[in-house]
Amino acid sequence: MWLGEMVLDHQPAFRCGLALLIMLLVASNAWYVYSRSLNLADQYAHHAVEGINQHFARIFGVIDTIQSETVSELQWGRPHQDAEWLSTALHNPPGQAFYALDTPPPPFSHAELGNLTGLGQATALDAAHRREIAVALGLAPMLAAAYRHLDAQGVAWVYYVSSLQFIYLYPFTPSSSYHYSPFTPGGQFWRMAEPTANPDGLRVITPVYVDQAGKGPLLTISQPIWVHGKFHGVLCVDVSVNMLKRLLGSVAEPLGSLYLLNAQNQVVAASQEQALPQENLQQLPVMARYAAGGQAHVRVLAVGNTGMRVLHYLPNHWLALEIAKGCAPGLVAALLLWLALLLLSRTWKLNRELRRLSEHDALTGALNHRAFQALLLRLYQDYQAHGTVFSLVMVDLDHFKKVNDTFGHAVGDEVLKVLVRLARRLLRSEDKVARLGGEEFVLVLPGTDLHDAMKAAVRLRLQLERLHWHKLGLPDKVTASMGCAVVLASDCHAGAVLKRADDAMYRAKQEGRNRVCLDFHGQPPGVQ
C-alpha cells in the first residue's frame, strides 16, 4: 500500500527508479551468472586437482613406506639371508664392465625380482658394496608389491639407485636393454636429488622425458635416502604423463582448459590437445581466485606439496556466452516487471481514490467518522501496549446554524473547509483532523500530553478568530469552542477519551463559547 502511495506521489522519480531497478536487475543477473560460472569452473578445477592430489598421495604413501624400510635396513645392515644369497648370483656379461642379475637362482623368478646392475666386476665387490646390494635385493618383494599396487596409477618403473654405482629396477628388464652406466648419474632423477643440488634431502619431481624402454613420456619422483647424515642414493618412481592427462580430462563436461605445470614451469600435461595460449602464464604463482585478463580468466591451484600447479584457463568468450544465456530470463523478467508495475500503478491510483472516498469526508477532506474510530482504536491499543499517550481536541463552531440559515449552506460549507485547512496548516504532519458530523470536528494528536494539546487548541482558536471572514461575506468573525482530553490509565475503552473531550467542549460552550476547556480527570494535583 505504501509503495503505491509513493509511486503516485512521485511519478518522475518512480520512472527513473524503475529504469534503474531494471538496469540493476539485469546487472545483478549478469553478475550472478558470471559468479555462478566461475564457481562451476572452480569446482571443475578443484575436482581435477583433487584427483591428481589423490594420485600423488597414493604414490607418496608407498614411497614413504619403502623409504622407511630402506633407511632401517641400511642403518642396521642386516638384510635377509635370501638377499645375501641372491647377491652371489651377480655376474658380468662376457666382455662387459658391468654386473647384472639377469639369471636369478631358483626358486626366484623375474616375476618377483627385477634386475640389479652396477659398474665394476661382480667378483671384486667389497663388503660395503655387497651389504648395500643385499639391502636393495632385500627390498625386492616390497618394490614388486609397490609396482603391482601402483600399476593402475600409471607407474612405469620402481627402482633404487645407489651412490655405490648400482641400480635395482622393477619390473625386470634384461641388462642388454638397460643397465647402470657412467651416464646414469647424469639423469635428472639423480642430479636433482644429490646433495649438491638438494642438501636438505627433499623429495623432488623431475621434468618430463621420454622413456628409453618405450613407456612413453614420464616424470620421476626421486626420494633421497640418508642414513646418519650420509647420502646413500635415491628411491625413484616413474609416473606416466598419459595418466596425468587422463586425470585432468576426467570431467564429463570440461569448463575451459587445465594445464599441469611442474616446479620448472614446464607443461607436464593438459586436459585438451592444445598448447598453452600464452607462454607467460607458465610463470604465474598460486592464486586464491581467478584473475581476469584480456583473453581469459586464469587461476593457478597448488597440487599438494608436490611443487606442481594446475593452471585453469577459462576463455572470456565462453564466459560471455554463459552470461548472455543467463541474462535472457532476466531481460524477460525485467519486461514483465515493467508491465506489472504499470498495471499496479493504475490499480494503486484507483485504490487511492476509493480509499480517499471511504476514509475522508467528501466536503472538507478530513477523516470521516469511520476512519476516525479506526485511528482512535489503534492509538488506544498502542497506549495499552507501549504507554504512548495521545490527546483529542473536540472542536465545535459557534453559532454555525446561524451562518447556514443567514448566508446559505454554500458559505457554511466554505467555513468548514477553511477550518480544516487552517487546522492542517497549524498542526504537525502526524496529527489528524476528523469530521464527526455537521460542524463538529476532532483533532487527533499522537504522542501529545494535555498541556501541549491545550497549546495546539489555543493556537487554532486564535488563528480562526483572526481570519478575514468578510471575504466570504460574513460580517462577524467565526469562532469555535474546544475541549481537550488526554488518554488515561483508567479509560476502559477508546471512546472514553472522546467522551471526556466532548464534555470539556460542552463546558466551553456553557462558559461563553470561543474558548478552550480541559478535562482534568486523572491529572496530578495543581494542573489547571
Side-chain angles (χ1 to χ4, degrees), residues 359-361 364-369 371-398 416-437 439-467 477-528:
E359 296 180 352
H360 292 78
D361 175 52
T364 63
L367 292 178
N368 59 26
H369 191 275
F372 164 71
Q373 290 295 338
L375 174 60
L376 178 60
L377 180 59
R378 287 198 302 272
L379 291 174
Y380 179 72
Q381 291 172 343
D382 188 54
Y383 169 72
Q384 288 186 313
H386 307 290
T388 305
V389 300
F390 65 93
S391 296
L392 299 180
V393 178
M394 284 293 299
V395 180
D396 188 88
L397 291 173
D398 298 328
L416 298 178
K417 293 178 184 178
V418 169
L419 171 63
V420 173
R421 287 200 298 269
L422 178 63
R424 284 176 173 169
R425 181 165 59 84
L426 296 177
L427 296 177
R428 303 168 302 176
S429 60
E430 62 267 30
D431 299 332
K432 303 296 180 183
V433 182
R435 185 184 182 189
L436 301 186
E439 68 274 19
E440 284 190 340
F441 294 84
V442 60
L443 309 182
V444 184
L445 311 176
T448 304
D449 58 19
L450 187 62
H451 181 263
D452 289 337
M454 180 194 69
K455 291 196 295 184
V458 169
R459 186 164 57 250
L460 175 60
R461 185 190 67 80
L462 292 175
Q463 290 295 327
L464 184 68
E465 185 181 22
R466 293 170 184 169
L467 290 178
K477 60 187 177 182
V478 175
T479 62
S481 300
M482 304 182 190
C484 303
V486 68
V487 66
L488 301 174
S490 58
D491 292 332
C492 59
H493 55 83
V497 192
L498 181 62
K499 176 65 170 58
R500 289 188 283 103
D502 192 54
D503 291 344
M505 183 271 292
Y506 274 107
R507 195 166 68 252
K509 292 279 189 182
Q510 293 169 359
E511 293 178 4
R513 294 184 171 85
N514 193 22
R515 65 191 62 220
V516 176
C517 286
L518 306 180
D519 168 64
F520 292 113
H521 287 83
Q523 297 302 312
V527 176
Q528 300 292 332

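Side chains are part of it too, since the values below use all heavy atoms of this structure and drop only hydrogens, waters and symmetry mates.
Here the closest heavy-atom approach between residue R424 and residue T364 is recorded as NH1-O, 4.2 Å. Heavy atoms only, all atoms of each residue included: V433 and A366 are closest at O-CB, 3.4 Å. Closest heavy-atom contact between A480 and R461: O-CG, 4.0 Å. Listed here is the closest heavy atom pair of A504 and C484: CB-N, 4.0 Å. In terms of heavy atoms, L397 sits closest to L416 at CD1-CD2, 3.6 Å. Contact between E359 and A371 at its shortest, heavy atoms only, is O-CB, 3.3 Å.
No donor-acceptor distance shorter than 3.5 angstrom exists from the side chain of R459 to the backbone of A457, with no hydrogens or angles considered. Formation of a donor-acceptor pair under 3.5 Å by the H493 side chain with backbone atoms of G495 is found in this model.
To the nearest 0.5 angstrom, L367 atom CG is 13.0 Å from R435 atom CZ. For the atom pair CZ (R428) and CG (D452), the distance works out to 8.0 Å, reported to the nearest 0.5 Å. Atom CE of residue M394 and atom SG of residue C517 lie 13.0 Å apart, to the nearest 0.5 angstrom. In this structure, the separation between CG on L426 and CD on Q463 is 5.5 Å, given to the nearest 0.5 Å. To the nearest 0.5 Å, atoms CZ (R466) and NZ (K477) are separated by 10.0 Å. In this structure, CG in L488 is found 6.5 Å from OH in Y383, a value given to the nearest 0.5 Å.
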### Task
Assess whether side-chain contact (heavy atoms from CB on, under 4.5 Å) is satisfied between L376 and L392, documenting all intermediate values.
CA-CA 9 Å; L376 178 60; L392 299 180; 3.9 Å; yes
### Task
List the steps, then state whether side-chain contact (heavy atoms from CB on, under 4.5 Å) holds for L377 with Q373.
CA-CA 6 Å; L377 180 59; Q373 290 295 338; over 6 Å; no
### Query
Given the rule in the side-chain contact (heavy atoms from CB on, under 4.5 Å) test, do L443 and L460 qualify, once you have shown the distances and angles that lead to the verdict?
CA-CA 10 Å; L443 309 182; L460 175 60; 3.7 Å; yes
### Task
Could you go through the side-chain contact (heavy atoms from CB on, under 4.5 Å) check for L427 and L445 one step at a time?
CA-CA 9 Å; L427 296 177; L445 311 176; 4.0 Å; yes
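Contact annotation: the side chain of L379 approaches that of P446 to within less than 4.5 Å [non-hydrogen atoms, C-beta and beyond]. Under the 4.5 Å side-chain criterion, counting only non-hydrogen atoms from C-beta, V420 is not in contact with D361. Side-chain contact between F390 and D382 is absent, with no heavy atoms from C-beta onward closer than 4.5 Å. When side chains are defined from C-beta on, S391 does not count as touching V487, because their heavy atoms never get closer than 4.5 Å.
Below 30°, between 30° and 60°, or above 60°: for F372 and H369 the angle between ring planes is above 60°, a perpendicular geometry.
Look at D503 and R507 and you find no salt bridge, because none of the NZ, NE, NH1 or NH2 atoms lies under 4.0 Å from a carboxylate O. Electrostatic pairing of K499 and D502 does not count as a salt bridge here, judged by no charged N lying under 4.0 Å from a carboxylate O.
Judged as a salt bridge (Lys or Arg N to Asp or Glu O under 4.0 Å), the pairs with a partner in residues 488-498 (not counting sequence neighbours) are, in order, D491-R500. Pairs engaging residues 384-396 under the salt bridge (Lys or Arg N to Asp or Glu O under 4.0 Å) rule: D396-K509 [sequence neighbours left out].
Within 6.0 Å of OH on Y380 lie more than 12 heavy atoms contributed by other residues, nucleotides or ligands.
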